[in-house]
Amino acid sequence: MKKYLVIPVLALAAAFTTATASAQSAKFGTVDMKRVFDSYYKTKDAESKINEDRNAAKKELEERMDAAKKLLDDVKKLDEEIANPALSKDTKDQKTKSRSDKATELQSMDREIREYQTTREKQLQEKSVRMRAGIVDDINKIVTDKVKAENFDFVFDKSGPSLNGVPIVLFSRDSYDFTDSVINALNKNRATSDSPLAAPTAAPATPKAKKAN
């Protein structure tokens, strides 16, 4: 029975020896992609642009809500006036009609505010995704150029967690890491670069808030 065990054992030993020899001859590299992403000047520019857009959207939303609040105050005031028993029938009818018109306008304004919030947030998220994708493409290009130039066989992301929430790369020699060279390559043309960030597609028009009378 022993003779039947020799072949698999020898095959396993040969496979292990081959794999070990291949691993020893392979060239490994590591990159901290998170640090690269955070250190790239276009990342900071993109974050600044998105924050500007969010602040502008917040300001417009506040203006719309202020207009809606003023209209609501007008409706409440008319409710109080209509409830006055001393009011003549003609005047009461006029105020009732005015109150109905303003209430309809308020409902329309509330709907426009909700639509604006949903649409604008979606636009900002899509813009952020486009910018991030462009930045990642820039980084991957530099990493790919480095891999080709240095003939790396394997490159691992040091910042990437596994499904268990622990780092994929538990240990690597500092000599394997070329994060700094990637960062330097990305930022070397910062002062002279005129290339804009990924231009966002034209945002669909959003309805303007109606002014209260």
K.L.:
Using a 4.5 Å cut-off on heavy atoms from C-beta on, say whether the side chain of Lys95 contacts that of Arg99.
P.N.:
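With C-beta onward as the side chain, the pair stays apart.
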K.L.:
Which atoms form the tightest heavy-atom contact between Lys158 and Asp177, and what is the distance?
P.N.:
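Taking every non-hydrogen atom into account, CD-OD1, 3.2 Å.
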K.L.:
Say whether Leu124 and Ile113 are linked into one hydrophobic cluster, either directly or through other cluster members, by side-chain heavy-atom distances under 4.5 angstrom.
P.N.:
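In one cluster with Leu124: Ile113, no.
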K.L.:
Between the side chains of Lys69 and Asp73, is the shortest nitrogen-to-carboxylate-oxygen separation below 4.0 Å, so that they form an ion pair?
P.N.:
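Yes, this pair counts.
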K.L.:
May I ask you to decide whether Lys49 forms a salt bridge with Asp45, counting only side-chain N to carboxylate O separations under 4.0 Å?
P.N.:
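A salt bridge is absent here (no side-chain N lies under 4.0 Å from a carboxylate O).
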K.L.:
List the atom of Ser181, the atom of Lys146, and the distance in Å for their closest heavy-atom pair.
P.N.:
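Taking every non-hydrogen atom into account, OG-CE, 3.8 Å.
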K.L.:
Mark yes or no for whether Ser98, through its side chain, and Gln94, through its backbone, hold a donor-acceptor pair below 3.5 Å.
P.N.:
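No, the answer is negative, given that no donor and acceptor are paired below the 3.5 Å cut-off.
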K.L.:
Minimum heavy-atom separation for Ser159 and Asp32, please, with both atom names.
P.N.:
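It is CB-OD1, 3.2 Å.
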K.L.:
Using only atom types and a distance under 3.5 Å, with no angle test, would you say the side chain of Lys77 pairs donor to acceptor with the backbone of Leu72?
P.N.:
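No.
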K.L.:
Can you tell me how far the CG atom of Leu61 sits from the CD atom of Gln117, to the nearest 0.5 Å?
P.N.:
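It is 4.5 Å, given to the nearest 0.5 Å.
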K.L.:
For Glu60 and Tyr116, what are the C-alpha separation, side-chain angles and deciding distance, and is it a side chain to side chain contact (heavy atoms under 4.5 Å, CB included)?
P.N.:
CA-CA 10 Å; Glu60 182 170 352; Tyr116 175 81; 3.3 Å; yes
K.L.:
Salt bridge between Lys141 and Asp145, side-chain N to carboxylate O under 4.0 Å?
P.N.:
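A salt bridge is present here (some side-chain N lies under 4.0 Å from a carboxylate O).
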K.L.:
Using 0.5 Å steps for rounding, measure from the NZ atom of Lys59 to the CG atom of Asn55.
P.N.:
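CG of Asn55 is found 10.5 Å from NZ of Lys59.
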K.L.:
Quick check for you: to the nearest 0.5 Å, what is the distance between Arg114 atom CZ and Arg64 atom CZ?
P.N.:
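Reported to 0.5 Å precision, the distance equals 13.0 Å.
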K.L.:
Minimum heavy-atom separation for Met33 to Asp157, with atom names?
P.N.:
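Nearest pair, atom of Met33 first, then Asp157: N-OD1, 3.1 Å.
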K.L.:
Tell me yes or no: between the side chains of Gln123 and Arg120, is some donor less than 3.5 Å from an acceptor?
P.N.:
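Yes.
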K.L.:
So which heavy atom on Lys102 is nearest to which on Leu71, and how close?
P.N.:
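Closest approach of Lys102 to Leu71: O-CD2, 3.8 Å.
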K.L.:
Counting only N and O atoms by type, is there a donor-acceptor contact under 3.5 Å from the side chain of Thr96 to the main-chain atoms of Lys92?
P.N.:
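Yes, because the side chain of Thr96 sits within donor-acceptor range (under 3.5 Å) of the backbone of Lys92.
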K.L.:
Report the distance from atom NZ of Lys70 to atom CG of Leu106, rounding to the nearest 0.5 Å.
P.N.:
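Reported value, rounded in 0.5 Å steps: 12.0 Å.
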K.L.:
What are the two closest non-hydrogen atoms of Phe152 and Phe28, and how far apart are they?
P.N.:
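Residues Phe152 and Phe28, closest heavy atoms: CE2-O, 3.2 Å.
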K.L.:
If you measure from the Lys or Arg side-chain nitrogens to the Asp or Glu carboxylate oxygens, is any gap between Asp93 and Lys97 under 4.0 Å?
P.N.:
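The answer is no: the pair does not qualify as a salt bridge.
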K.L.:
Closer than 4.0 angstrom, basic N to acidic O: yes or no for Glu121 and Arg54?
P.N.:
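Counted as a salt bridge, because a side-chain N and a carboxylate O are separated by less than 4.0 Å.
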K.L.:
Look at the side chain of Thr144 and the backbone N and O of Asn140, then say whether any donor-acceptor pair between them is shorter than 3.5 Å.
P.N.:
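Flag set: sc Thr144 to bb Asn140 pair under 3.5 Å.
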K.L.:
Looking at Phe37, I'd like to know if the NZ or CZ of Arg132 sits under 6.0 Å from its six-membered ring centre while staying within 45 degrees of the ring's axis.
P.N.:
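Yes, Arg132 and Phe37 form such a contact.
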K.L.:
To the nearest 0.5 Å, how far apart are CG in Leu186 and CD1 in Ile142?
P.N.:
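Result: 5.0 Å between the selected atoms.
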K.L.:
Working to the nearest 0.5 angstrom, can you tell me the gap between Thr118 OG1 and Glu115 CD?
P.N.:
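If we round to the nearest 0.5 Å, Thr118:OG1 and Glu115:CD are 8.0 Å apart.
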K.L.:
Can you tell whether the side chains of Glu80 and Lys76 come within less than 4.0 Å, N to carboxylate O?
P.N.:
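The answer is no: the pair does not qualify as a salt bridge.
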K.L.:
Pair Tyr40, Ile183 - check side chain to side chain contact (heavy atoms under 4.5 Å, CB included), show working.
P.N.:
CA-CA 6 Å; Tyr40 188 19; Ile183 294 174; over 6 Å; no
K.L.:
Taking atom types as modelled and ignoring hydrogens, do the side chains of Asp90 and Ser88 form a donor-acceptor contact shorter than 3.5 angstrom?
P.N.:
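No - no donor-acceptor pair under 3.5 Å links their side chains.
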K.L.:
Can you tell whether the side chains of Arg35 and Asp180 come within less than 4.0 Å, N to carboxylate O?
P.N.:
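So Arg35 pairs with Asp180 through a salt bridge.
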K.L.:
Would Ser48 and Lys44 count as a side chain to side chain contact (heavy atoms under 4.5 Å, CB included) here? Give the steps.
P.N.:
CA-CA 6 Å; Ser48 177; Lys44 297 177 176 62; over 6 Å; no
K.L.:
Step by step, would you call Val147 with Lys27 a side chain to side chain contact (heavy atoms under 4.5 Å, CB included)?
P.N.:
CA-CA 10 Å; Val147 168; Lys27 187 172 182 180; over 6 Å; no
